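These figures come from a predicted structure and were not determined experimentally. Protein chains get the first letters and strands the later ones, always in sequence-line order, with residue 1 at the start of each.
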Number of protein chains: 2
Amino acid sequence: MGLRERKKLAAWRTIRSTALRLINERGFDAVSVEDIAAEAGVSRTTFFSYFASKEAVVFDLDPDEVRQWRDALENCRTDTPVWEALTDLALNLARLLADRLPLQKRLLEQSPGLCRSARGACDGFEPELREWLGRRCPDADDVRISLILNTAMAAITTAVDAWDPDQPYERFLELVSDCLRWAGAGPARATS
Amino acid sequence: MGLRERKKLAAWRTIRSTALRLINERGFDAVSVEDIAAEAGVSRTTFFSYFASKEAVVFDLDPDEVRQWRDALENCRTDTPVWEALTDLALNLARLLADRLPLQKRLLEQSPGLCRSARGACDGFEPELREWLGRRCPDADDVRISLILNTAMAAITTAVDAWDPDQPYERFLELVSDCLRWAGAGPARATS
DNA sequence: GTAAGAACTTGTACTCGGTCCAGGTTTGGG
DNA sequence: CCCAAACCTGGACCGAGTACAAGTTCTTAC
């Protein structure tokens with residue numbers, strides 16, 4: 001890894017941690033991109049060369065995390081039913097994000113403007129997950145694949161919504177697991 | 001209905017139809033709020049007093065449609081299983097939106113910026129639907145209610161995504177119906 | 001070691017969405 | 001007919017995001 005790459009990663013992390021600190025202190029809407037850039041010792045333009053939007057600085061994954069996530073996708077067991085494997089992946093991901101998710105959830109609660117883009121944050125995982133699913137269920141058509149994906153996303157979203165970030169993280173993992181189990185079993189059966 | 005209200009509704013409809021015409025001609029990103037306001041013979045400020053955002057002018061419901069939707073919610077049969085009733089509601093809503101949905105879908109395809117807010121458009125129905133669901137399943141806890149709601153939304157979203165707006169609208173209704181049936185039955189069972 | 005060139009940063013200027021407000025106009029009720 | 005409330009308007013303002021030209025720093029090939 002050359003000097004250039006190392007510097008880039010360092011800059012990325014500086015900007016991100018600075019941003020999270022400021023936003024944590026003052027709230028998302030009360031911090032401008034200028035504030036973040038200035039405090040991180042970088043220009044506004046540079047900020048936008050690292051993050052596609054102000055929201056992205058809250059939701060983007062660290063390159064390390066991306067690598068771990070890809071590994072999890074690769075080394076996923078193939079002998080279990082799809083929905084179980086999907087649940088494992090989700091729990092895996094949840095553990096991967098344990099550091100930042102409580103903060104993110106707190107931010108979501110206090111500034112509704114972020115909620116919209118939170119949806120978009122999940123979309124980052126979508127293409128790879130879809131490809132994985134396609135490999136995993138070669139006989140399913142596109143609509144079914146999308147449906148499985150979107151249902152799983154909905155379950156995870158529900159877990160995030162329902163979770164109180166002051167509760168221990170274990171509680172969140174339970175929620176993810178529960179929601180996926182319920183969704184997997186089908187809402188039509190569970191209700192009168 | 002007084003003159004004031006009638007004028008307001010007329011203005012709402014003028015702005016909306018003007019906006020849809022322009023956006024349809026030039027694309028969402030190539031039309032500014034100024035353009036819309038000017039063409040509708042109204043000021044920019046007034047535009048924002050009618051619509052909360054530029055996206056809203058594409059997705060907001062006509063007051064008439066809102067009334068019809070509320071009616072559908074009220075007069076919903078209570079003797080069928082919840083998921084079936086929910087499916088009926090969705091199909092009802094889909095028929096209600098038959099006029100504009102093809103256009104909306106075409107816009108979604110061509111300008112990805114709209115996709116984000118499309119999610120938010122569904123959120124408009126959420127509070128009332130949630131209340132309806134709560135009345136319908138008094139013994140379910142909040143998380144379960146959310147899960148049912150979000151799963152249904154995911155199914156509908158999937159149907160919208162999968163639908164080609166050049167296909168007849170009947171095809172879309174089928175997709176909605178199919179997606180809700182599959183999601184209701186549970187993705188865990190349908191897959192290996 | 002150095003020179004050419006790619007990659008990165010920066011300031012500036014611009015567009016556009018969205019908010020705020022003060023003042024003018026219209027409408028409805030009494 | 002008149003007053004108060006509701007409505008519309010222009011203008012000023014803020015912040016996100018983009019474009020670009022000029023400057024700086026790293027890489028690489030010689």
**Report entry** Inter-residue atom distance Thr80(A).OG1 - Asp88(A).CG, 0.5 Å rounding
**Finding:** 6.0 Å

Report task. Could you tell me if the ring centre of Tyr50(B) sits under 6.0 Å from that of Trp12(B)? Result -> no

Query raised in the report: Got a salt bridge between Arg100(B) and Asp60(B), using NZ or NE/NH1/NH2 to carboxylate O under 4.0 Å?
Result: no

Query raised in the report: What residue among Arg13(B), Arg67(B), Arg16(B) forms salt bridge (charged side-chain N to carboxylate O under 4.0 Å, His left out) with Asp62(B)?
Result: Arg13(B)

Query - Electrostatic pair Arg21(B)-Glu39(B), nearest N-O below 4.0 angstrom - result: yes

Under 3.5 Å, which protein N or O atoms sit close to an N or O of nucleotides 15-17 of chain D? Give each pair with its distance.
unit_1: dA16(D); atom_1: OP1; unit_2: Lys54(A); atom_2: NZ; d: 3.1
unit_1: dA16(D); atom_1: OP2; unit_2: Val33(A); atom_2: N; d: 3.2
unit_1: dG17(D); atom_1: OP2; unit_2: Lys54(A); atom_2: N; d: 2.7
unit_1: dG17(D); atom_1: N7; unit_2: Arg44(A); atom_2: NH1; d: 3.3
unit_1: dG17(D); atom_1: N7; unit_2: Arg44(A); atom_2: NH2; d: 2.9
unit_1: dG17(D); atom_1: O6; unit_2: Arg44(A); atom_2: NH2; d: 2.7

Report task. Could you tell me whether Arg144(A) and Asp141(A) have a side-chain N and a carboxylate O separated by less than 4.0 Å? Result -> no

Query raised in the report: Given that Thr45(B) and Val42(A) both sit by DNA chain C, which one's nearest nucleotide is further toward the 5' end?
Result: Val42(A)

Report task. Mind calculating the distance between CZ (Arg4(B)) and C1' (dA5(D)) to the nearest angstrom? Result -> 7 Å

Query raised in the report: How do Ser49(A) and Lys7(B) order along DNA chain C: which one's closest nucleotide is nearer the 5' end?
Result: Ser49(A)

**Report entry** Nucleotides bounding contact with chain B, strand DNA chain C, heavy-atom threshold 4.0 Å
**Finding:** dG17(C) to dG28(C)

Query raised in the report: Do Phe51(A) and Leu61(A) share a hydrophobic cluster (ILVMFWY, side-chain heavy atoms under 4.5 Å, transitive)?
Result: no

Report summary line: Per the under-4.0 Å heavy-atom filter, residues of residues 11-27 of chain B near DNA chain C come out as none

Requested in this report: Answer yes or no for Lys54(B) and Phe48(B): cation-pi contact, defined as NZ/CZ to six-membered ring centre under 6.0 Å and angle to ring axis within 45°.
Outcome: no

**Report entry** Asp29(B) versus Ser111(B), side-chain donor and acceptor atoms under 3.5 Å
**Finding:** no

Requested in this report: Look at Tyr50(B) and dC7(D) and indicate whether a side-chain polar atom (N or O) is within less than 4.0 Å of OP1 or OP2.
Outcome: no

Report task. Please confirm whether Arg171(B) makes a cation-pi placement over Trp163(B), using NZ or CZ under 6.0 Å from the six-membered ring centre and within 45° of the ring normal. Result -> no

